Trainee: 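Below is a structure I'd like to ask you about.
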2 protein chains.
Amino acid sequence: MNIPRPIAETSPPPEAILEAALDEFADRGYPGARIDEIARRAGVNKAGLYYHVGNKETLYLLSLRRIFSPLAAVMAAPAPEGSPEERLRFHVARFAEGIVSDRRFAPIMLRELADHGANMPKEILAVMVSSLKRLTGVVDDGVAAGRFRPFPPPLIHFMLVGALNLSVVTAPVRARAESEGLASPAQVALPDAATLAAQMAELFLNGLRADRKE
Amino acid sequence: MNIPRPIAETSPPPEAILEAALDEFADRGYPGARIDEIARRAGVNKAGLYYHVGNKETLYLLSLRRIFSPLAAVMAAPAPEGSPEERLRFHVARFAEGIVSDRRFAPIMLRELADHGANMPKEILAVMVSSLKRLTGVVDDGVAAGRFRPFPPPLIHFMLVGALNLSVVTAPVRARAESEGLASPAQVALPDAATLAAQMAELFLNGLRADRKE
DNA sequence: GATTAGTTTAACTGTTCGGTTAATTCGAAA
DNA sequence: TTTCGAATTAACCGAACAGTTAAACTAATC
């Protein structure tokens with residue numbers, strides 16, 4: 001708490017530190033992550049790390065902000081015009097990119113949620129909420145236009161978020177299940193992220209389509 | 001490492017210890033959980049805890065086994081006969097019960113996956129795999145019978161698992177989003193677990209139904 | 001009521017780890 | 001060349017925490 005303490009806005013910490021922090025936070029979680037290890041991976045002295053970043057918590061916050069920035073960018077871009085179907089496909093595709101583009105996103109997000117989002121800054125909460133709202137807007141429009149049957153948008157959102165994050169994060173377990181003879185390769189295989197997103201979008205569209213009698 | 005060391009199979013540790021451990025592991029994760037706190041919550045002395053349970057890791061393993069046992073029971077029960085549609089509805093309903101019946105399941109499972117399932121014992125991996133396989137069986141039969149369109153079962157499974165776990169674990173964040181004015185109550189509300197599962201099953205069935213021309 | 005095995009406890013140990021300190025190095029301005 | 005602020009470093013500190021120890025307590029058995 002002495003005079004020189006450039007936090008956050010003052011001068012951004014070196015990228016190497018944030019990258020190393022993301023690696024460590026992603027595979028150990030906040031309590032498990034070790035500052036010494038982050039410093040080592042970043043190639044800086046521990047005291048140097050503390051010089052740039054005030055403490056473990058602000059380092060975590062800065063890392064969170066960084067890992068969420070692709071998704072934030074996706075949500076900051078304007079949503080396209082078009083039919084509800086096209087818009088849903090578009091949303092799913094872009095959203096999936098935002099989540100899957102960095103393998104560290106999924107573990108960090110899942111752990112953060114398991115922590116009740118206790119240290120989630122409001123700006124990041126806002127990104128998550130805005131993605132839910134965008135999906136809600138598409139679904140509501142589709143329902144209003146008589147093309148979708150009513151369905152709770154948060155549930156679709158959670159299926160989407162959940163499946164995307166799990167598909168990233170289960171990779172090692174699926175490999176293990178396979179190598180331990182619990183499942184055949186085909187039983188636990190997943191397509192690449194883009195087709196995965198497209199397949200989900202189609203399932204949602206078919207599931208929501210209102211063109212049936214009943 | 002002295003002579004008296006009743007581990008696991010020898011004599012099961014008191015329920016109070018396992019329950020306290022589950023509480024602590026669920027809301028702090030493995031590295032964040034404190035043995036002293038678990039002992040305190042369980043109303044036993046720390047050395048007493050170590051007497052019954054060898055160390056933190058075996059305590060965690062015992063807790064894992066316990067929290068997974070409802071799901072294991074669901075998977076151990078025979079799958080019913082019937083149409084693919086009925087069987088899918090049944091599977092989703094029972095599976096959801098297994099996951100949602102204890103609020104501590106979701107955070108523990110999500111954290112475990114975020115850790116690459118590194119300390120997941122094979123028997124628990126087997127439960128997860130068998131639930132995927134059961135779903136796969138239903139979907140494959142539906143496709144073979146010409147009633148479902150082909151779709152990767154693991155993806156459905158991840159949507160299901162993801163949405164169920166997220167619906168539990170996001171409760172505090174959703175409340176916060178609401179209280180901080182980021183979303184209206186209706187925008188982040190979810191039905192109870194049973195109807196949630198039923199809605200998902202219907203979405204899957206509509207999404208998979210093969211009775212369209214195209 | 002003495003013995004003994006199982007159980008509980010307070011007090012302690014050793015290590016890991018977040019954070020600090022004070023001295024040093026570096027680099028640009030003057 | 002001096003100066004001065006920013007950046008770096010080795011060494012250190014204190015707290016939290018997993019795990020241990022040795023003694024005390026309890027209850028069944030003889």
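The figures here come from the full heavy-atom set of this structure, side chains too, leaving out hydrogens, waters and symmetry mates. Here the structure is a predicted model, which is why all the values come from computation and not from measurement. Labels below follow one simple rule: chain letters A, B, ... track the order of the sequence lines, proteins then strands, and each chain is numbered from 1.
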Trainee: Look at all strands and tell whether B:A33 reaches a base, only sugar-phosphate, or nothing, counting heavy atoms closer than 4.0 Å.
Mentor: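 It contacts sugar-phosphate atoms only.
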Trainee: Mind checking whether B:H157 and B:F204 have ring centres under 6.0 Å apart?
Mentor: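 Here the rings of B:F204 and B:H157 have centres that are no less than 6.0 Å from each other.
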Trainee: Would you mind checking if B:R28 and A:D115 are paired as a salt bridge, meaning a charged N to carboxylate O distance below 4.0 Å?
Mentor: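 Answer for the salt bridge query: no.
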Trainee: Tell me whether A:D27 is salt-bridged to A:R104, with the criterion being a basic N under 4.0 Å from an acidic carboxylate O.
Mentor: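 Looking at A:D27 and A:R104, the cut-off is not met.
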Trainee: Both A:G32 and A:N45 contact DNA chain C. Taking the nearest nucleotide for each, which residue is further toward the 5' end?
Mentor: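 Its nearest nucleotide lies further toward 5', so the answer is A:G32.
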Trainee: Rounded to whole angstrom units, what separation is found between the CD1 atom of A:I35 and the P atom of C:dT16?
Mentor: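 Going from A:I35 (CD1) to C:dT16 (P), I get 17 Å.
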Trainee: Report the distance from atom CG of A:D36 to atom P of C:dG18, rounded to the nearest whole Å.
Mentor: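 Value for this atom pair: 6 Å.
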Trainee: Select one nucleotide: of D:dT8, C:dA10, C:dG18, the one nearest the side-chain heavy atoms of A:K56.
Mentor: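 Between D:dT8, C:dA10, C:dG18, the one nearest the side chain of A:K56 would be C:dG18.
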Trainee: Between C1' on C:dA22 and OH on A:Y50, what's the gap in Å once rounded to a whole number?
Mentor: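 In whole Å, C:dA22 C1' and A:Y50 OH are 18 Å from each other.
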Trainee: Answer yes or no: does a side-chain N or O of A:H52 lie under 4.0 Å from OP1 or OP2 of D:dA6?
Mentor: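 Negative; the distance criterion is not met.
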Trainee: Nearest to the side chain of B:R34 - C:dG18, C:dA10, D:dA18?
Mentor: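 Of C:dG18, C:dA10, D:dA18, D:dA18 is nearest to the side chain of B:R34.
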Trainee: In whole angstrom, give the distance that lies between atom CZ of A:R28 and atom C1' of C:dT16.
Mentor: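 Spelled out: CZ on A:R28 to C1' on C:dT16 is 12 Å.
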Trainee: In whole angstroms, how far is the C1' atom of D:dA18 from the CD atom of B:E57?
Mentor: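 Roughly 13 Å, once rounded to whole Å.
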Trainee: In whole angstroms, how far is the P atom of C:dC17 from the OH atom of A:Y30?
Mentor: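 Rounded to whole Å, this separation is 14 Å.
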Trainee: Hey, does the side chain of B:R41 reach the backbone of B:A20 with a donor-acceptor pair shorter than 3.5 angstrom?
Mentor: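 Side chain of B:R41 to backbone of B:A20: no pair is present.
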Trainee: How about B:E24 and B:Y30: does a side-chain donor come under 3.5 Å of a side-chain acceptor?
Mentor: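 There is no such pair between these side chains.
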Trainee: Please determine whether any donor N or O and acceptor N or O are separated by less than 3.5 Å between the side chain of A:K46 and the base of C:dG19.
Mentor: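 Looking at the base of C:dG19, it does pair with a donor or acceptor on the side chain of A:K46 (distance under 3.5 Å).
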Trainee: Rounding to an integer number of Å, can you tell me how far A:E37 CD sits from C:dT16 P?
Mentor: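 My rounded result for the distance is 14 Å.
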Trainee: Nearest-Å distance, CD1 (A:I17) to C1' (D:dT8)?
Mentor: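 To the nearest whole Å, that distance equals 11 Å.
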